[in-house]
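Naming convention: chains lettered A, B, ... in sequence-line order (proteins, then strands); numbering from 1 in each chain. Quick caveat, the model's predicted, so the values are computed rather than measured.
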Amino acid sequence: MKSVYRELQDRGFVYQETDAGSIEKLLNTGSVTFYVGFDPTGSSLHVGHLLPIMAMRLLQRAGHVPIALVGGATAQIGDPSGRVSARPILTKEEVAANARALKAQLARFISLDSGQAHFVDNADWLCRINYLDFLREIGSRFSVNKMLAQDSVKSRLEDGLTFLEFNYSILQAYDFVVLNRDYGCQMQFGGQDQWGNMVAGVELARKMGREGVECLTFPLLLDSAGKKFGKTAGGHNVWLDVNRTPVFEYYQFWRNCDDAALAKLLCYFTALPVEEIRRLTDGNKDARELNRAKEILAYEATALAHGEAAAREAFLTAGGKFGFADPEGTIATSSAVAAIDVKTAREEALPTVELPAADFAGEGMWIAKLMVAAGLCPSTSEARRLIQGGGAYLNDQRVADVALNVKAGDFSGGELLLKAGKKQIKRVKLQ
RNA sequence: GGUGGGGUUCCCGAGUGGCUAAAGGGGGCAGACUGUAAAUCUGCUGGUUGUACCUUCGGUGGUUCGAAUCCACCCCCCACCA
């Protein structure tokens, strides 16, 4: 049985760590309570947040206890790390609502049952702080010289950093001390950009006589263009909230990943054994093998976020539309996707919009308007450009005429298929 | 507090009275080629009842037939000095 630490390493989760030896020992002996911080600055998580969550999942399954910390207090300040400018300050109500949403989404990946995990909000202790006491007890242990040397601070020094933001890392460091004191938390995990803040926490804890505390960061995921991973379709985030990113689109996000990133993504975002991932992706794979591996990635990642049933449906829908990579099931895999009978493929699960039948009576509806109504284009101007560029399809036929009006007769069985480009598909249903 | 330099479209950045919805690059989208990939080439890249109109160059007023460009005041950022 491979140790969790080795598993984390093999899967590429380890980027920086305070002390590899100590951490390995810590994680391999007994149950360790660890924490990962989340900013409740949005009402939904997106794919970019997933890496730490997958690590939490892995660690929890190995018997460790995660603490998901919501930065209810620190979100009111804004972390300057990796930020060009100050964040907008949220109201307390917004933060509370976001924290609730976060908890619900987290519950799909890790068990939040009592004893197996904790869900805490740093507002619970940070809001009670007395300024003078805090300065004396905590502030006295920080060196401004050292803080100024921190990358995240240094880069902001040129174009301005407020005192408010400057305090962020002190508060985050204090979080670690509180969690260590109250929950016996010994480790912090986080993104690469959190290194400075995390080390500050470890240092503070040690200065305050708390032993055996460590931290470890995950690598920053970049796409082929060198941008933060998890954005697609016009630079939009891929959300875990189905109201923002339908399951089919979520599936497609993974299905359309870069060849070069495939093995890495399988390691991070699925639970398949590393050995199997290697077998699926190593060496010179042909198109069929690569595409099968992408199907597996998409299925597994979607199943984690939205459940097996939804993933299965997305797989069948996508396959029905674009074809299946391995319909005979000749490529061995432990993924449940192998058990799906591709003959049941259908297009029912395509993202659907319902529009009133009256819109299509008589003269009908201008195609550009329809594209907007279907959510395929943000504006009629953009829709018009798309059509002129030959990127719009009505029932799989390229729309040649910008002035085309869609009438009731274009629907068959009360439905019609609308595409923006080859991959963005919407089914329009008459109401 | 003083002096100087700045704030331009998603981002960087040109533009110092009309030819400017605003150069160039990045990003994004689409087309071709492919494997629902990458790379490459080509086109597009403010909005709108659909090509003529509307809105945009930190904010508010003003000069002018006409302002991103000139003037006044204000806000914000940077550098140096205190």
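Contact annotation for A:A318: base contact, defined as any heavy-atom pair under 4.0 Å involving a base atom. Residue A:R255 is in base contact, counting any heavy-atom pair closer than 4.0 Å across all strands shown. Nucleic acid contact for A:A368: none, since no nucleic acid atom lies under 4.0 Å from a heavy atom of the residue. Among the heavy atoms of the strands lying under 4.0 Å from A:Y393 are primed sugar atoms or P, OP1, OP2 only; no base atom is included. A:S379 comes within 4.0 angstrom of the backbone, heavy atoms only, and of no base.
A donor-acceptor pair shorter than 3.5 Å can be found between the side chains of A:T18 and A:E214. Counted by atom type alone, A:E308 and A:Y299 present one or more donor-acceptor pairs between their side chains at under 3.5 Å. A:N98 and A:S43 are not linked by any side-chain donor-acceptor pair at a separation below 3.5 angstrom, with hydrogens and angles left out of the test.
Nucleotides of RNA chain B nearest to A:G421 and A:F315 differ in position, and the one nearer the 5' end is that of A:G421. Residue A:A420 is the one, among A:A420 and A:E295, whose nearest nucleotide of RNA chain B lies closer to the 5' end (criterion: closest heavy atom).
A salt bridge links A:K2 with A:E275: the closest approach of a Lys/Arg side-chain nitrogen to an acidic carboxylate oxygen falls below 4.0 angstrom. Ion pairing of A:D259 with A:K294 is present here, as a side-chain N (NZ or NE/NH1/NH2) and a carboxylate O approach within less than 4.0 Å.
For A:D286 and B:rG35, a side-chain-to-base donor-acceptor distance below 3.5 Å is absent, hydrogens and geometry of angles not being considered.
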Start with the C-alpha gap between A:R312 and A:T302, add the side-chain angles, then the distance that decides, and say whether side chain to side chain donor-acceptor pair (under 3.5 Å) holds.
-> CA-CA 9 Å; A:R312 177 193 158 88; A:T302 306; over 6 Å; no
All N/O pairs under 3.5 Å across the protein-nucleotides 21-25 of chain B interface:
none

